[in-house]
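What follows is one structure encoded as structure tokens, with my remarks underneath.
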Amino acid sequence: MSRSLEPLFGFVPRNVNAKDVEKALNGDINPFTKSPHSGQYKKILEGRKKLPVYSQMDEFLQTFQANQITVMVGETGSGKTTQIPQFVAYSDLPHTRGKMIACTQPRRVAAMSVAKRVADEMDVPLGKQVGYSIRFEDMTENGTTFLKYMTDGMLLREAMTDPELSRYSTVILDEAHERTLATDILMGLLKALAKKRSDLKLIVMSATLDAVKFQKYFGINGQKAAPLFKVPGRTFPVDVFYTQEPEPDYVEAAIRTVLMIHRAEDPGDILLFLTGEEEIEDACRKIRIEADDLVQQHPDAVGPLSCIPLYSSLPPAQQQRIFDAAPQPRTAGGPPGRKVVISTNIAETSLTIDGIVYVVDPGFSKQKVYNPRIRVESLLVSPISKASAQQRAGRAGRTRPGKCFRLYTEKDFMKELEEQTYPEILRSNLANTILELLKVGVKDLVKFDYVDAPAPETLMRALELLNFLAALDDDGNLTPLGAMMADFPLDPQLAKMLIVSPEFKCSNEILTIVAMLSVPNVFVRPPNLRKEADAAKAMMTVPGGDHLTMLNVYNEYMQNQGDRNWARNNFLNQRALTQADNVRAQLKRNMEKYDIDLVTNTDQRTFYENIRKALVCGFFMQVAHREGEKNMYLTVKDNQIVGLHPSCGLDTTPEWVLFNEFVLTSRPYIRTVTEVRPEWLLEYAPHYYDLTTASFPEGETKRALKSVLAKRKGKSVADTATDDKRGGKKRKTAK
DNA sequence: GAGCACTGC
């Protein structure tokens, strides 16, 4: 066989060196397609050769060959995400062995855009030899794709059907320092799997600060630590400045700093990090006013300043504004304009804005925290970590040397900030994760080798919930129902109610409700059109509960598909509705796979009642009981005082309500609320509502349920179930 | 009478 037509002739899997690889790269024939290279290939290759990681190809190949697990550190701009998987491809030669290389990313856009870039570099069409796989979109070809970029969640899903991950020769976990839930679980699974599958190689790619931790964690088979492969980055230096004294009001200090930069610093755009939508919009308004004042006072010295907000719920078209050029000087030769982007954490990892020279970092972000005692996840404004502060500062040095102004003292940075942001696994409700782990075949969840083990109470809460939902038996084993639930990309409560819904002849409707609950809020409320938006919402409100309203909104949306402006005219979020439709279709396919009937109850008298009963089957642990006269509820068992969220559409305050979420904002609220009947609680969740056990604390809710039970003993069950008089007091009385 | 940090299946 001629060497020129078989560029990989003589290559032995996992025994190649950089010299051979370079020869193949520089050749005229594409070794993976056997076709001549396209015109642009050589040009792209020249660019790749300038990446820091390229010059270390041989060192990498040696490390990769000699070790089953490698920890790799590559700073921003090193080229690791695009190049390392290609180096692995040349060493692994997965296409000759019917295998694939997986490279995981925490975000969908990253998986897509990196795959596109690498397909170009390898001179193959995207979706053939190089592809990507994300929810709702599989851009791979069976038997052809050997390099697959994918979201970490997607690989975790695959592990549930194939715990050996037998299709893969090498798995690369990229951005491991972000410590997403899925990446953390994958690290645990892959560590165990590596001991079982000696042919499987693993590369964990991360930022510097975490490397030693990962090295220690991945020391297996008698090794003390996994080897470290390090590549320098390619960024510009950033000067960091601290305040002399702590700032009592970080928003005010941030605004002041932005204006100071605008007045006194050389041209270059500014990035300011704040914590949320409201804070950002507020700061934008204030900066605009002050900047205008400044221009008025010093028209010859201060140029125009454009202020651009950035957060995830902003429509994509508005997010695009961050790429607009800074404003032109107002007069020819006048002082130059400048742009300031005011952003949440989204600009820390997900979005890169070129041309940023100044970063203003007040040192806070909203972070998820989980309180297992009351089973509540909430968002809290908290100090960021050192790693996060470094990441923020780095945003100033992507195109030229920059400056970062930290609105806290150097001493606070050194002494008060944590090294790393707490990994998500320590800040989340783990019910879903535990179900996934069990499905993958992990037996002992307490002894599972976590990189960071969650609090025992968090595990307890998750196991308890799954047991009450009958996903786990009393010995902690996955039940057939639990195995089915795990296959749905949903929280266990939602999966449970979807699976049981045919018993209430309402699976079509529950399917819709579950899909609507899986997407962001569909109701839009522009600040200047609140009245109109509220009126539009009132038109679609079903008085019996917010879940029923969601069903109604979806159905109306489907009936008005012909009208492109329908969503906007009715103050609904078109994107969210489309997404709900996508989710619904995916879940429907899942149901069909398990032969779960898709049925609708045609009896109008029990239509809504049956839906509410099905809701109880999943959410019986999220029920509250009205106490006293006012809008005051006590959650069952946990006895948390909560109020109906102002967005709630109920026209009365029913005695018993079921809620989708507990939110802790200005005060504790329950959101997305539907009226239920106490008889249903006793009937459909008898274990949870076992009034004889001590685990059910004494109190008003228990007394109320006891009296229901006493009454029920007098009557037949059938009688109580059809007794659908709507209790409750009128909610909206004269103010 | 309030909100949605950010992801992901």
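Residue numbers begin at 1 in each chain, while the letters A, B, ... track the order of the sequences. These numbers were taken from a predicted model, which means no experiment stands behind them. Hydrogens, waters and symmetry mates play no part in the numbers below; they use all other heavy atoms, side chains included.
- Counting only heavy atoms from C-beta outward, the side chains of A:E279 and A:D282 never approach each other to under 4.5 Å.
- Open room surrounds NZ on A:K286; 12 or fewer heavy atoms of other groups in view lie less than 6.0 Å from it.
- Taking atom CZ of residue A:F273 and atom P of nucleotide B:dA5, one finds them 16 Å apart after rounding to whole Å.
- Rounded to whole angstrom, the span from the OH atom of A:Y669 across to the P atom of B:dC4 amounts to 12 Å.
- A:T672 and A:D546 form no side-chain donor-acceptor contact under 3.5 Å, judged by distance and modelled atom types alone.
- Put simply, CD on A:E279 is 9 Å from P on B:dA5, counting in whole angstrom units.
- Put simply, CZ on A:R671 is 13 Å from P on B:dA2, counting in whole angstrom units.
- At whole-Å resolution of the value, CD in A:E175 and P in B:dG8 are 13 Å apart.
- Residue A:S365 is out of contact with every strand shown, counting any heavy-atom pair closer than 4.0 Å.
- Contacts of A:D152 with the nucleic acid, taken as non-hydrogen atoms under 4.0 Å apart, are absent.
- Neither side chain, A:D174 nor A:Y149, offers a donor N or O lying under 3.5 Å from an acceptor on the other.
- Residue A:R107 has its side chain nearest to B:dT7 when only B:dG1, B:dC6, B:dT7 are considered.
- Checking B:dG3, B:dG1, B:dC9 against every side-chain atom of A:R108, the shortest atom distance belongs to B:dC9.
- Of the residues near DNA chain B, A:F523 and A:F488, the one whose nearest nucleotide (by heavy atom distance) lies more toward the 5' end is A:F523.
- The side chain of A:R525 lies closest to B:dA2, out of B:dA2, B:dC4, B:dT7.
- As a whole-Å value, the separation of A:D534 CG from B:dA2 P is 13 Å.
- Look at OH on A:Y370: it is 22 Å from P on B:dC6, rounded to the nearest Å.
- Here the side chain of A:H645 is nearest to one of B:dC6, B:dG8, B:dA2, namely B:dA2.
- Across B:dC9, B:dG8, B:dA5, the shortest atom-to-atom separation from the side chain of A:P489 is found for B:dC9.
- With a 6.0 Å radius and a threshold of 12 heavy atoms from other residues, nucleotides or ligands, A:E661 has its CD atom above the threshold.
- For A:I134, whose side chain is taken as the heavy atoms from C-beta onward, the closest listed nucleotide among B:dA2, B:dG8, B:dC9 is B:dC9.
- Among the heavy atoms of the strands lying under 4.0 Å from A:E277 is at least one base atom, whether or not backbone atoms are also near.
- With rounding to whole Å, A:E661 atom CD is found 11 Å from B:dG3 atom C1'.
- Nearest to the side chain of A:P646, among B:dA2, B:dA5, B:dC9, sits B:dA2.
- Checking the phosphate oxygens (OP1, OP2) of B:dT7, no side-chain nitrogen or oxygen of A:T180 falls inside 4.0 Å.
- Of the listed nucleotides (B:dA2, B:dT7, B:dA5), B:dT7 has the atom at the smallest distance from the side chain of A:I346.
- At B:dT7, none of the side-chain N or O atoms of A:T349 fall inside 4.0 Å of OP1 or OP2 (strictly under the cut-off).
- Stacking of A:R392 on the aromatic ring of A:F273 is recorded, both the 6.0 Å distance cut-off and the 45° axial limit being met.
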